[in-house]
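Written below as C-alpha coordinates is the structure these notes are about.
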Protein chains: 2
Amino acid sequence: MATRASVKSPRVVTPPPAPVGEIDTRYLETLIGYNARRAALSVIGLFMTRMARYELRIVDFSVLSLITHNPGITSAQLCSALSILPPNLVGIINALARRGLIGRQPHPRDGRAMGLHLTDAGHALMVEAEQTASDLEIEATGRLSAAERQTLIRLLRKVYLPP
Amino acid sequence: MATRASVKSPRVVTPPPAPVGEIDTRYLETLIGYNARRAALSVIGLFMTRMARYELRIVDFSVLSLITHNPGITSAQLCSALSILPPNLVGIINALARRGLIGRQPHPRDGRAMGLHLTDAGHALMVEAEQTASDLEIEATGRLSAAERQTLIRLLRKVYLPP
DNA sequence: TATTGTTATACTCTATAACTATA
DNA sequence: TATAGTTATAGAGTATAACAATA
(Lines give C-alpha, C1' and ligand atoms only; values in the text may rest on other atoms or scores of the structure.)
Protein backbone atom coordinates (compact mmCIF):
# COMPACT_ATOMS: atom_id res chain seq x y z
CA MET A 1 0.00 0.00 0.00
CA ALA A 2 2.13 2.91 -1.25
CA THR A 3 0.10 5.60 0.40
CA ARG A 4 2.71 8.12 1.36
CA ALA A 5 4.86 7.36 -1.66
CA SER A 6 2.06 8.31 -4.02
CA VAL A 7 1.27 11.48 -2.12
CA LYS A 8 4.59 12.82 -0.94
CA SER A 9 7.10 11.42 -3.41
CA PRO A 10 6.45 11.35 -7.16
CA ARG A 11 9.52 9.19 -7.69
CA VAL A 12 9.11 5.44 -7.65
CA VAL A 13 11.70 3.86 -5.41
CA THR A 14 10.10 0.53 -4.54
CA PRO A 15 11.75 -2.38 -6.38
CA PRO A 16 9.83 -3.72 -9.38
CA PRO A 17 7.98 -7.05 -9.84
CA ALA A 18 10.61 -9.82 -9.74
CA PRO A 19 10.07 -13.42 -10.78
CA VAL A 20 6.99 -14.93 -9.12
CA GLY A 21 5.37 -17.13 -11.68
CA GLU A 22 7.48 -20.12 -10.79
CA ILE A 23 6.58 -20.09 -7.10
CA ASP A 24 4.14 -22.75 -5.94
CA THR A 25 1.53 -21.04 -3.76
CA ARG A 26 -1.10 -23.75 -4.09
CA TYR A 27 -1.19 -24.67 -0.42
CA LEU A 28 -1.71 -21.12 0.81
CA GLU A 29 -4.44 -20.71 -1.78
CA THR A 30 -6.47 -23.45 -0.09
CA LEU A 31 -6.81 -21.27 3.03
CA ILE A 32 -9.82 -18.99 3.41
CA GLY A 33 -7.81 -16.57 5.54
CA TYR A 34 -5.18 -16.16 2.84
CA ASN A 35 -7.74 -15.55 0.10
CA ALA A 36 -9.92 -13.26 2.20
CA ARG A 37 -6.94 -11.16 3.23
CA ARG A 38 -5.69 -10.82 -0.33
CA ALA A 39 -9.16 -9.90 -1.60
CA ALA A 40 -9.59 -7.37 1.20
CA LEU A 41 -6.20 -5.80 0.48
CA SER A 42 -7.05 -5.63 -3.21
CA VAL A 43 -10.35 -3.82 -2.67
CA ILE A 44 -8.92 -1.67 0.11
CA GLY A 45 -6.07 -0.62 -2.17
CA LEU A 46 -8.51 0.78 -4.71
CA PHE A 47 -10.55 2.25 -1.88
CA MET A 48 -7.57 4.21 -0.58
CA THR A 49 -6.76 5.48 -4.04
CA ARG A 50 -10.27 6.76 -4.66
CA MET A 51 -10.77 8.17 -1.17
CA ALA A 52 -7.48 10.05 -1.23
CA ARG A 53 -9.43 12.64 -3.24
CA TYR A 54 -11.45 13.39 -0.10
CA GLU A 55 -8.45 12.97 2.19
CA LEU A 56 -10.22 10.11 3.93
CA ARG A 57 -8.59 6.93 5.15
CA ILE A 58 -10.72 3.83 5.51
CA VAL A 59 -11.14 4.41 9.21
CA ASP A 60 -12.19 8.03 8.60
CA PHE A 61 -14.75 6.91 6.03
CA SER A 62 -16.07 4.19 8.34
CA VAL A 63 -16.44 6.60 11.25
CA LEU A 64 -18.15 9.25 9.11
CA SER A 65 -20.43 6.64 7.55
CA LEU A 66 -21.59 5.40 10.95
CA ILE A 67 -22.16 8.98 12.11
CA THR A 68 -24.10 9.61 8.89
CA HIS A 69 -26.49 6.74 9.52
CA ASN A 70 -26.49 7.07 13.32
CA PRO A 71 -26.68 10.76 14.22
CA GLY A 72 -25.74 11.31 17.84
CA ILE A 73 -23.66 8.13 18.05
CA THR A 74 -21.05 8.21 20.82
CA SER A 75 -17.33 7.49 20.68
CA ALA A 76 -17.82 4.36 22.76
CA GLN A 77 -20.35 3.04 20.27
CA LEU A 78 -18.03 3.78 17.36
CA CYS A 79 -15.21 1.97 19.13
CA SER A 80 -17.38 -1.06 19.69
CA ALA A 81 -18.82 -1.19 16.18
CA LEU A 82 -15.48 -0.70 14.41
CA SER A 83 -13.17 -2.52 16.86
CA ILE A 84 -11.19 0.64 17.54
CA LEU A 85 -9.66 1.18 20.97
CA PRO A 86 -10.85 4.39 22.66
CA PRO A 87 -7.42 6.06 22.84
CA ASN A 88 -6.98 5.54 19.12
CA LEU A 89 -10.34 7.09 18.24
CA VAL A 90 -9.61 10.38 19.98
CA GLY A 91 -7.22 11.63 17.33
CA ILE A 92 -9.51 10.50 14.51
CA ILE A 93 -12.49 12.37 15.96
CA ASN A 94 -10.43 15.46 16.74
CA ALA A 95 -9.07 15.59 13.19
CA LEU A 96 -12.53 15.25 11.63
CA ALA A 97 -13.86 17.97 13.96
CA ARG A 98 -10.93 20.24 13.15
CA ARG A 99 -11.74 19.83 9.46
CA GLY A 100 -15.29 20.95 10.19
CA LEU A 101 -16.83 17.65 9.09
CA ILE A 102 -18.37 16.67 12.42
CA GLY A 103 -19.51 18.39 15.61
CA ARG A 104 -19.94 17.27 19.19
CA GLN A 105 -23.13 17.89 21.15
CA PRO A 106 -23.76 17.06 24.80
CA HIS A 107 -25.51 13.71 25.12
CA PRO A 108 -29.13 14.24 26.23
CA ARG A 109 -29.10 11.45 28.82
CA ASP A 110 -25.44 10.94 29.76
CA GLY A 111 -23.35 13.89 30.88
CA ARG A 112 -20.13 11.97 30.27
CA ALA A 113 -20.78 11.27 26.61
CA MET A 114 -20.83 13.48 23.55
CA GLY A 115 -23.17 12.81 20.64
CA LEU A 116 -21.49 13.07 17.24
CA HIS A 117 -23.19 14.67 14.25
CA LEU A 118 -22.21 15.57 10.70
CA THR A 119 -21.93 19.24 9.84
CA ASP A 120 -23.37 20.48 6.56
CA ALA A 121 -19.90 20.23 5.06
CA GLY A 122 -19.55 16.72 6.42
CA HIS A 123 -22.90 15.74 4.96
CA ALA A 124 -21.97 17.15 1.56
CA LEU A 125 -18.67 15.26 1.62
CA MET A 126 -20.28 11.97 2.61
CA VAL A 127 -22.90 12.13 -0.14
CA GLU A 128 -20.04 12.13 -2.60
CA ALA A 129 -17.81 9.73 -0.68
CA GLU A 130 -20.46 7.07 -0.23
CA GLN A 131 -21.34 7.25 -3.91
CA THR A 132 -17.65 6.92 -4.75
CA ALA A 133 -17.37 3.94 -2.40
CA SER A 134 -20.34 2.17 -3.95
CA ASP A 135 -18.97 2.81 -7.44
CA LEU A 136 -15.49 1.57 -6.67
CA GLU A 137 -16.87 -1.55 -5.07
CA ILE A 138 -18.44 -2.46 -8.40
CA GLU A 139 -15.19 -1.57 -10.14
CA ALA A 140 -13.05 -3.60 -7.72
CA THR A 141 -15.28 -6.64 -8.20
CA GLY A 142 -15.66 -6.16 -11.92
CA ARG A 143 -15.12 -9.84 -12.70
CA LEU A 144 -18.09 -10.81 -10.53
CA SER A 145 -21.69 -10.84 -11.73
CA ALA A 146 -24.28 -9.12 -9.54
CA ALA A 147 -25.42 -12.52 -8.32
CA GLU A 148 -21.88 -13.61 -7.53
CA ARG A 149 -21.28 -10.37 -5.66
CA GLN A 150 -24.35 -10.97 -3.54
CA THR A 151 -23.30 -14.57 -2.89
CA LEU A 152 -19.83 -13.45 -1.87
CA ILE A 153 -21.17 -11.00 0.70
CA ARG A 154 -23.58 -13.61 2.05
CA LEU A 155 -20.79 -16.19 2.49
CA LEU A 156 -18.38 -13.66 4.03
CA ARG A 157 -21.04 -12.70 6.57
CA LYS A 158 -21.55 -16.36 7.46
CA VAL A 159 -17.83 -16.52 8.23
CA TYR A 160 -17.54 -13.58 10.59
CA LEU A 161 -21.00 -13.28 12.16
CA PRO A 162 -21.52 -15.02 15.49
CA PRO A 163 -23.62 -18.19 15.43
CA MET B 1 -6.44 -8.80 18.24
CA ALA B 2 -5.32 -9.02 21.88
CA THR B 3 -2.19 -10.96 21.11
CA ARG B 4 0.20 -9.65 23.66
CA ALA B 5 -2.48 -9.23 26.28
CA SER B 6 -3.34 -12.92 26.18
CA VAL B 7 0.31 -13.94 26.33
CA LYS B 8 2.01 -11.48 28.64
CA SER B 9 -0.75 -10.23 30.91
CA PRO B 10 -3.32 -12.54 32.45
CA ARG B 11 -5.33 -9.53 33.59
CA VAL B 12 -7.98 -8.20 31.29
CA VAL B 13 -7.64 -4.47 30.89
CA THR B 14 -9.42 -3.88 27.60
CA PRO B 15 -12.89 -2.39 28.12
CA PRO B 16 -15.76 -4.84 27.77
CA PRO B 17 -18.49 -5.10 25.08
CA ALA B 18 -20.64 -1.94 25.27
CA PRO B 19 -23.93 -1.38 23.50
CA VAL B 20 -23.71 -2.15 19.78
CA GLY B 21 -26.98 -3.75 18.81
CA GLU B 22 -28.68 -0.44 18.20
CA ILE B 23 -26.10 0.84 15.71
CA ASP B 24 -27.12 0.80 12.07
CA THR B 25 -24.23 -0.69 10.09
CA ARG B 26 -26.29 -1.62 7.04
CA TYR B 27 -24.46 0.65 4.61
CA LEU B 28 -20.99 -0.60 5.50
CA GLU B 29 -22.31 -4.15 5.18
CA THR B 30 -23.03 -3.56 1.49
CA LEU B 31 -19.29 -3.10 0.84
CA ILE B 32 -17.18 -6.09 -0.22
CA GLY B 33 -14.10 -4.54 1.35
CA TYR B 34 -15.80 -4.22 4.73
CA ASN B 35 -17.06 -7.79 4.69
CA ALA B 36 -13.83 -9.28 3.35
CA ARG B 37 -11.77 -7.46 5.97
CA ARG B 38 -14.04 -8.59 8.81
CA ALA B 39 -14.01 -12.18 7.56
CA ALA B 40 -10.24 -12.12 7.18
CA LEU B 41 -9.79 -10.71 10.69
CA SER B 42 -12.14 -13.36 12.07
CA VAL B 43 -10.24 -16.25 10.50
CA ILE B 44 -6.87 -14.68 11.21
CA GLY B 45 -7.82 -14.24 14.86
CA LEU B 46 -8.38 -17.99 15.23
CA PHE B 47 -5.25 -18.60 13.17
CA MET B 48 -3.12 -16.59 15.58
CA THR B 49 -4.60 -18.38 18.56
CA ARG B 50 -3.87 -21.83 17.15
CA MET B 51 -0.42 -20.95 15.78
CA ALA B 52 0.71 -19.39 19.06
CA ARG B 53 1.36 -22.98 20.11
CA TYR B 54 4.16 -23.13 17.53
CA GLU B 55 5.23 -19.53 18.18
CA LEU B 56 4.43 -18.68 14.58
CA ARG B 57 2.83 -15.48 13.39
CA ILE B 58 0.93 -15.51 10.13
CA VAL B 59 3.88 -14.10 8.27
CA ASP B 60 6.19 -16.74 9.76
CA PHE B 61 3.78 -19.49 8.75
CA SER B 62 3.44 -18.07 5.24
CA VAL B 63 7.20 -17.85 4.78
CA LEU B 64 7.78 -21.37 6.12
CA SER B 65 4.95 -22.74 3.99
CA LEU B 66 6.41 -21.26 0.80
CA ILE B 67 9.86 -22.60 1.70
CA THR B 68 8.26 -25.99 2.37
CA HIS B 69 6.72 -26.18 -1.08
CA ASN B 70 9.53 -24.31 -2.85
CA PRO B 71 12.87 -25.57 -1.47
CA GLY B 72 15.66 -23.20 -2.41
CA ILE B 73 13.35 -20.20 -2.77
CA THR B 74 15.14 -16.85 -2.38
CA SER B 75 14.30 -13.89 -0.19
CA ALA B 76 13.43 -11.80 -3.23
CA GLN B 77 10.93 -14.42 -4.38
CA LEU B 78 9.37 -14.57 -0.92
CA CYS B 79 9.07 -10.79 -0.86
CA SER B 80 7.35 -10.78 -4.21
CA ALA B 81 4.96 -13.64 -3.48
CA LEU B 82 3.92 -12.34 -0.04
CA SER B 83 4.12 -8.59 -0.70
CA ILE B 84 6.79 -8.12 1.96
CA LEU B 85 9.41 -5.42 1.53
CA PRO B 86 12.98 -6.76 1.54
CA PRO B 87 14.13 -4.86 4.64
CA ASN B 88 11.21 -6.28 6.59
CA LEU B 89 11.94 -9.87 5.57
CA VAL B 90 15.50 -9.83 6.92
CA GLY B 91 14.46 -10.01 10.57
CA ILE B 92 11.87 -12.69 9.86
CA ILE B 93 14.39 -14.94 8.09
CA ASN B 94 17.06 -14.34 10.73
CA ALA B 95 14.66 -15.27 13.53
CA LEU B 96 13.57 -18.49 11.80
CA ALA B 97 17.21 -19.40 11.15
CA ARG B 98 18.15 -18.65 14.77
CA ARG B 99 15.39 -21.03 15.87
CA GLY B 100 16.91 -23.73 13.69
CA LEU B 101 13.84 -24.03 11.46
CA ILE B 102 15.48 -22.97 8.20
CA GLY B 103 18.96 -22.86 6.70
CA ARG B 104 20.60 -20.81 3.98
CA GLN B 105 22.57 -22.38 1.13
CA PRO B 106 24.46 -20.57 -1.60
CA HIS B 107 22.32 -20.23 -4.68
CA PRO B 108 23.66 -22.52 -7.44
CA ARG B 109 23.32 -19.93 -10.21
CA ASP B 110 23.37 -16.54 -8.49
CA GLY B 111 26.18 -15.67 -6.12
CA ARG B 112 24.19 -12.80 -4.61
CA ALA B 113 21.25 -14.90 -3.53
CA MET B 114 20.84 -17.53 -0.83
CA GLY B 115 18.51 -20.49 -1.28
CA LEU B 116 16.29 -21.15 1.73
CA HIS B 117 15.53 -24.67 2.96
CA LEU B 118 13.75 -26.23 5.90
CA THR B 119 15.83 -28.05 8.47
CA ASP B 120 14.58 -31.39 9.81
CA ALA B 121 13.18 -29.51 12.80
CA GLY B 122 11.51 -27.03 10.49
CA HIS B 123 10.00 -29.83 8.43
CA ALA B 124 8.67 -31.56 11.54
CA LEU B 125 7.12 -28.31 12.74
CA MET B 126 5.47 -27.54 9.42
CA VAL B 127 3.89 -30.98 9.11
CA GLU B 128 2.04 -30.18 12.31
CA ALA B 129 1.47 -26.51 11.58
CA GLU B 130 -0.04 -27.05 8.14
CA GLN B 131 -2.34 -29.73 9.51
CA THR B 132 -3.36 -27.33 12.28
CA ALA B 133 -3.97 -24.61 9.70
CA SER B 134 -6.13 -26.82 7.53
CA ASP B 135 -8.12 -27.95 10.58
CA LEU B 136 -8.72 -24.47 11.90
CA GLU B 137 -9.83 -23.27 8.49
CA ILE B 138 -12.67 -25.79 8.66
CA GLU B 139 -13.39 -24.72 12.21
CA ALA B 140 -13.37 -21.01 11.36
CA THR B 141 -15.78 -21.56 8.46
CA GLY B 142 -17.94 -24.01 10.36
CA ARG B 143 -21.18 -22.44 9.16
CA LEU B 144 -20.23 -23.05 5.53
CA SER B 145 -20.85 -26.28 3.67
CA ALA B 146 -17.96 -27.76 1.71
CA ALA B 147 -19.55 -26.48 -1.50
CA GLU B 148 -20.01 -22.99 -0.04
CA ARG B 149 -16.42 -22.98 1.12
CA GLN B 150 -15.22 -23.84 -2.36
CA THR B 151 -17.46 -21.17 -3.89
CA LEU B 152 -16.17 -18.57 -1.44
CA ILE B 153 -12.55 -19.26 -2.36
CA ARG B 154 -13.39 -19.16 -6.06
CA LEU B 155 -15.13 -15.78 -5.75
CA LEU B 156 -12.38 -14.30 -3.56
CA ARG B 157 -9.80 -15.32 -6.14
CA LYS B 158 -11.81 -13.64 -8.86
CA VAL B 159 -11.63 -10.46 -6.81
CA TYR B 160 -7.90 -10.27 -6.26
CA LEU B 161 -6.40 -12.09 -9.23
CA PRO B 162 -5.35 -9.96 -12.21
CA PRO B 163 -7.61 -10.15 -15.27
C1' DT C 1 23.59 -0.44 -14.97
C1' DA C 2 20.50 -3.57 -12.34
C1' DT C 3 19.52 -6.77 -8.59
C1' DT C 4 20.16 -9.31 -3.88
C1' DG C 5 20.49 -8.77 0.56
C1' DT C 6 21.28 -5.67 4.29
C1' DT C 7 21.40 -1.64 7.89
C1' DA C 8 19.35 2.31 9.60
C1' DT C 9 15.43 4.79 10.22
C1' DA C 10 10.77 6.89 10.02
C1' DC C 11 5.87 6.60 9.93
C1' DT C 12 1.50 4.41 10.90
C1' DC C 13 -1.33 1.33 13.41
C1' DT C 14 -2.52 -0.89 17.45
C1' DA C 15 -2.18 -1.70 22.41
C1' DT C 16 -1.64 -0.65 27.52
C1' DA C 17 -1.66 2.24 31.73
C1' DA C 18 -3.45 5.82 34.15
C1' DC C 19 -6.16 9.85 34.80
C1' DT C 20 -10.92 13.03 35.07
C1' DA C 21 -15.46 13.57 35.20
C1' DT C 22 -19.81 11.60 35.45
C1' DA C 23 -23.15 7.65 36.38
C1' DT D 1 -17.96 0.88 41.58
C1' DA D 2 -18.23 1.32 36.76
C1' DT D 3 -18.17 3.82 32.33
C1' DA D 4 -16.95 7.81 28.71
C1' DG D 5 -13.48 10.26 27.17
C1' DT D 6 -8.72 11.57 27.33
C1' DT D 7 -3.35 11.72 27.68
C1' DA D 8 0.93 9.56 27.35
C1' DT D 9 3.47 5.98 25.71
C1' DA D 10 5.01 1.44 24.04
C1' DG D 11 5.10 -2.02 20.54
C1' DA D 12 4.27 -4.11 15.96
C1' DG D 13 3.85 -3.47 11.17
C1' DT D 14 5.16 -1.17 7.10
C1' DA D 15 7.65 2.26 4.49
C1' DT D 16 11.95 4.79 2.36
C1' DA D 17 16.99 5.72 1.68
C1' DA D 18 21.39 4.14 1.11
C1' DC D 19 24.99 0.73 0.86
C1' DA D 20 28.13 -3.63 -0.46
C1' DA D 21 28.49 -7.59 -3.24
C1' DT D 22 27.34 -9.71 -7.40
C1' DA D 23 25.08 -10.03 -12.08
Side-chain angles (χ1 to χ4, degrees), chain A residues 1-20 37 41 44-45 48 57-60 62-63 72-95 97 102 104-116, chain B residues 1-20 37 41 44-45 48 52 57-60 62-63 72-80 82-95 97 102 104-116:
Chain A
M1 240 64 73
T3 309
R4 263 166 290 120
S6 58
V7 174
K8 292 185 179 176
S9 168
R11 279 180 302 172
V12 173
V13 187
T14 307
V20 189
R37 181 166 184 275
L41 289 178
I44 286 171
M48 291 196 303
R57 297 166 302 166
I58 293 189
V59 65
D60 300 318
S62 302
V63 165
I73 192 173
T74 67
S75 290
Q77 289 175 312
L78 283 174
C79 286
S80 180
L82 296 175
S83 297
I84 302 173
L85 292 172
N88 298 330
L89 184 64
V90 175
I92 298 168
I93 294 295
N94 283 342
I102 63 174
R104 300 172 175 89
Q105 294 177 10
H107 193 283
R109 300 188 177 189
D110 191 332
R112 297 168 301 181
M114 299 291 285
L116 301 172
Chain B
M1 238 64 74
T3 310
R4 264 166 291 117
S6 59
V7 174
K8 290 184 181 177
S9 167
R11 279 180 301 172
V12 174
V13 187
T14 308
V20 189
R37 182 166 182 275
L41 290 177
I44 286 171
M48 291 196 302
R57 298 167 301 166
I58 293 189
V59 65
D60 300 317
S62 303
V63 166
I73 192 173
T74 67
S75 290
Q77 289 175 311
L78 282 174
C79 285
S80 180
L82 296 175
S83 295
I84 301 173
L85 291 172
N88 299 330
L89 184 64
V90 175
I92 297 167
I93 294 295
N94 283 342
I102 64 173
R104 301 171 175 89
Q105 294 177 11
H107 192 284
R109 301 188 177 188
D110 190 332
R112 298 169 299 182
M114 298 292 286
L116 302 172

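Just so it is clear, the values below take in all heavy atoms, side chains as well, and ignore hydrogens, waters and symmetry mates. Letters A, B, ... mirror the listed sequences (proteins, then strands); counts begin at 1.
Looking at every heavy atom in both residues, A/Pro86 comes nearest to A/Cys79 through CA-SG, 3.5 Å. Among all heavy-atom pairs drawn from A/Arg109 and A/His107, the shortest one is N-ND1, 3.0 Å.
Among the nucleotides C/dA8, D/dG5, D/dA8, the one closest to any side-chain atom of A/Thr74 is D/dG5. With D/dT16, D/dG5, C/dG5 as the choices, the nucleotide that has an atom nearest any side-chain atom of B/Leu85 turns out to be D/dT16. Nearest nucleotide to the A/Pro87 side chain, out of D/dA4, D/dT6, C/dT6: D/dT6. Relative to the side chain of A/Val90, the nucleotides C/dA15, C/dA23, D/dT6 differ in distance, and D/dT6 lies closest.
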A/Leu82 and A/Val63: CA distance, side-chain angles, deciding distance, side-chain contact (heavy atoms from CB on, under 4.5 Å) verdict: CA-CA 8 Å; A/Leu82 296 175; A/Val63 165; 3.8 Å; yes
Check against side-chain contact (heavy atoms from CB on, under 4.5 Å), A/Asn88 and A/Val59: CA-CA 11 Å; A/Asn88 298 330; A/Val59 65; over 6 Å; no
Derivation of the side-chain contact (heavy atoms from CB on, under 4.5 Å) call for B/Arg104 and B/Leu116: CA-CA 5 Å; B/Arg104 301 171 175 89; B/Leu116 302 172; 3.8 Å; yes
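Nearest-nucleotide positions on DNA chain C place A/Val59 closer to the 5' end than the other of A/Asp110 and A/Val59. The residue among A/Gly115 and B/Gly111 whose nearest nucleotide of DNA chain D lies closer to the 5′ end is A/Gly115.
The side chain of B/Arg112 places no N or O atom within less than 4.0 Å of a non-bridging phosphate oxygen (OP1 or OP2) of C/dA2. The side chain of A/Arg109 places no N or O atom within less than 4.0 Å of a non-bridging phosphate oxygen (OP1 or OP2) of C/dA23.
Taking atom CD1 of A/Ile84 as the reference point, atom C1' of D/dT6 lies 16 Å away to the nearest angstrom. Rounded to whole angstrom, the span from the CZ atom of A/Arg104 across to the C1' atom of D/dT6 amounts to 11 Å. Between the CD1 atom of A/Ile92 and the P atom of C/dC13 there is a distance of 8 Å, rounded to whole Å. One can place CD of B/Gln77 at 15 Å from P of C/dT3, the figure rounded to the nearest angstrom. Counting to the nearest Å, the C1' atom of C/dT14 and the CZ atom of B/Arg37 are 11 Å from each other. In this structure, CG of A/Asn88 is placed 16 Å from P of D/dA12, rounded to the nearest angstrom. A/Arg57 places its CZ atom 15 Å from the P atom of C/dC11, with the value rounded to the nearest Å. The distance between atom CE of A/Met114 and atom P of C/dA21, rounded to the nearest whole Å, is 15 Å.
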